[in-house]
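A, B, ... follow the sequence lines: proteins, then strands. Residue 1 opens every chain. Just so we're clear, the structure is a prediction, and the values are computed from it rather than from any experiment.
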There are 2 protein chains.
Amino acid sequence: MAESLTLPDLDPISDRAVFRQIADHIREAIERGQLAEGDKVPSEATLMQHYGVARMTIRNALQVLQSEGLTVAEHGRGVFVRSHPPVRRLASDRFARRHREQGKAAFIAETEGAGGKPSVDSIQITEVKPSAQVAELLNLGPKARVVSRSRRYLINGQPVETAISYIPAEIAKGTQIMQPDSGPGGIYARIEEKGYRLDRFVEEIKSRMPLRDEVRALKLAPGVPVFHLVRTAYATDGTPVEVCDTVMSSDAYVLSYELPAR
Amino acid sequence: MAESLTLPDLDPISDRAVFRQIADHIREAIERGQLAEGDKVPSEATLMQHYGVARMTIRNALQVLQSEGLTVAEHGRGVFVRSHPPVRRLASDRFARRHREQGKAAFIAETEGAGGKPSVDSIQITEVKPSAQVAELLNLGPKARVVSRSRRYLINGQPVETAISYIPAEIAKGTQIMQPDSGPGGIYARIEEKGYRLDRFVEEIKSRMPLRDEVRALKLAPGVPVFHLVRTAYATDGTPVEVCDTVMSSDAYVLSYELPAR
DNA sequence: CTCCTCAACTCGTACATACGTGTACTACAG
DNA sequence: CTGTAGTACACGTATGTACGAGTTGAGGAG
């Protein structure tokens, strides 16, 4: 399988470092499709033989590819070309009421629409003291408490996003928000039933390398950054009613926003 | 001079790899502020002595920090704690007409307002055949041509963003858009003078690791991802009038958007 | 046929050594 | 005082060796 792979020899004249040349060869093989997603990259021993260099040199080359997010190393198995999950496009109207009223959670509906198998796990609901940041965004006093709903989203079994919502306890108490299944239309529907008519959301987006926990939770390959998105939901009277803190695998998402020119 | 730095010894019991322990120590020193921005991390030789380990082990540790974006190595000088440029917050109303009418380019005004010294360089203007992607976004026929304006934005001399705008040649020809200084209010003002009233913008955002050229252009430290943002400007009749392809250093930006709930 | 053991192969970690190349400071010559 | 050569030091690249640990599959025991 895939043994049509033939890597060029080193260019003895080039002043490009040997390990970079090797990385270039493998990268080009991937880009040309000679190595497809999921294919095994030749083992370190094989590459040592082919190029006639030391193992450290090969490892440096593989390190480059890994930090570019092109490959993953699996201990005891080999190095493989990364496979990319289907990309989710988040449009700026994704929280429009017309979508919310269909009853299905946005994530489920969207993913099924795109032909993927959505799932949600690790749902945890607790009542806690809000962090300083959350308290400020929700405009809460020092004694207020919030209900936190954390969960993880997966597409075709591959985790793509973790999210934690914070809702003022005063709003969430006694509603289905406290249940793992928050009911038709999700927590936003429950919040509106409480008399808060949703008006607008504000999203703040950062991009950075993931923390250790995030690498684990999202099964991220080395070299893949994450979107860190904090969304605050406001009711028509200006009251913030929810803060949602989400971390998304950057190669599973394209974010899309519409801005007025007015 | 920062010589209060004392690193702990290795934990011989821990099953955490030695190089990771060392990386942890240095990371904590940075987080505690014992190593401030711009400070020199002890040299590889010093660390070898302190921990009594081989150089490869030290280099592995430093590699970890570098790929986390915490440090930069400078050949012949040493390893330094990365300094972060001031963060720019891009709000979703940044292209509102009221800002545009003040005459100053958005980037200059914003940066000065935040106390930074803005500059723009590498301005290049050419007329080219659009790429397939740009042609599609601009809704152009196979023979149409576009004017491309590329430039690089810097804050306090540090590059933070590169941008290439594509404007249909038909619109740009004969206007100040063809000049390095596009005049008061920037190219959007020129486009409106041509009779296209701007209505809305659509931005698509990806996050990924930078390409080699981008690392150079933005002087990115290893391990720092970039935002890749493509903005399309539409006139009130729905005609797309500009596509702007920008790459931003992710640690210099926070993006902020407002979404309607309606 | 099934289960288990074990060998072979894989990547991970660590050691020791050598030489190249860029930087910065010092000392000396002019 | 100035300029330059030298030198010490820093990281970059590369070789070679050794052992650890996870995975896989073949082959033998039951």
The nucleotide from C:dA14, C:dG12, D:dT13 with an atom nearest the side chain of A:Ala17 is D:dT13
Hey, does B:Arg20 reach any base, or is it just sugar-phosphate, or nothing, if we go heavy atoms under 4.0 Å? sugar-phosphate
Nearest-nucleotide comparison on DNA chain D, the residue closer to the 5′ end among B:Met56 and B:Glu44: B:Glu44
Between B:Val41 and A:Gly76, just flag the one whose closest nucleotide in DNA chain D comes earlier from the 5' side. B:Val41
When you measure from the side-chain N and O atoms of A:Arg77 to the phosphate of C:dC11, is any distance below 4.0 Å, counting only OP1 and OP2? no
Does either side chain, that of B:Arg231 or that of B:Ser165, offer a donor lying less than 3.5 Å from an acceptor on the other one? no
Counting side-chain heavy atoms from C-beta on, which of C:dT13, C:dC15, D:dT13 comes nearest to B:Ala54? C:dC15
Rounded distance in Å - CG (A:Leu47) to C1' (C:dT10): 13 Å
Can you see if the side chain of B:Ser43 gets near the phosphate of D:dA10 - specifically, an N or O under 4.0 Å from OP1 or OP2? yes
Between D:dG12 (P) and B:Asn60 (CG): distance, integer Å: 13 Å
Spacing of A:Ile58 atom CD1 relative to D:dT17 atom C1', expressed in whole Å: 17 Å
From C-beta outward on B:Thr57, which listed nucleotide comes closest to its side chain: D:dG12, D:dT13, C:dC15? C:dC15
Given D:dC11, C:dC11, D:dT15, the nucleotide with the shortest approach to the side chain of B:Val79: D:dC11
What nucleotide among D:dG12, C:dT13, C:dT10 has an atom nearest to a side-chain atom of A:Lys40? C:dT10
Picking from A:Arg82, A:Arg27, A:Arg20, what satisfies salt bridge (Lys or Arg N to Asp or Glu O under 4.0 Å) with A:Glu68? A:Arg27
Tell whether A:His75 reaches the base of C:dT10 with its side chain through a donor-acceptor pair below 3.5 angstrom. no
Integer-rounded Å distance: D:dC9 C1' and B:Phe80 CZ: 12 Å
For the pair made of CZ in A:Arg59 and C1' in C:dT13, what is the distance, rounded to whole Å? 8 Å
In short, A:Ile58 meets A:Tyr51 closest at the heavy-atom pair CD1-CD1, 4.3 Å
Are the side chains of B:Ser207 and A:Pro225 in touch, meaning some heavy atoms are under 4.5 Å apart? yes
Over 60° means perpendicular and under 30° means parallel, so classify the ring planes of B:Tyr153 and B:Phe107, tilted if in between. tilted
Which listed nucleotide (D:dC19, D:dT15, D:dA10) is nearest to the side chain of A:Arg55? D:dC19
Atom-to-atom span, CD of B:Gln21 to C1' of C:dG12 - whole angstrom: 15 Å
In whole angstroms, the gap separating P of C:dA16 from CE of B:Met48 amounts to 8 Å
How close or far is atom P of C:dG12 from atom CD of B:Gln63, stated in whole angstroms? 13 Å
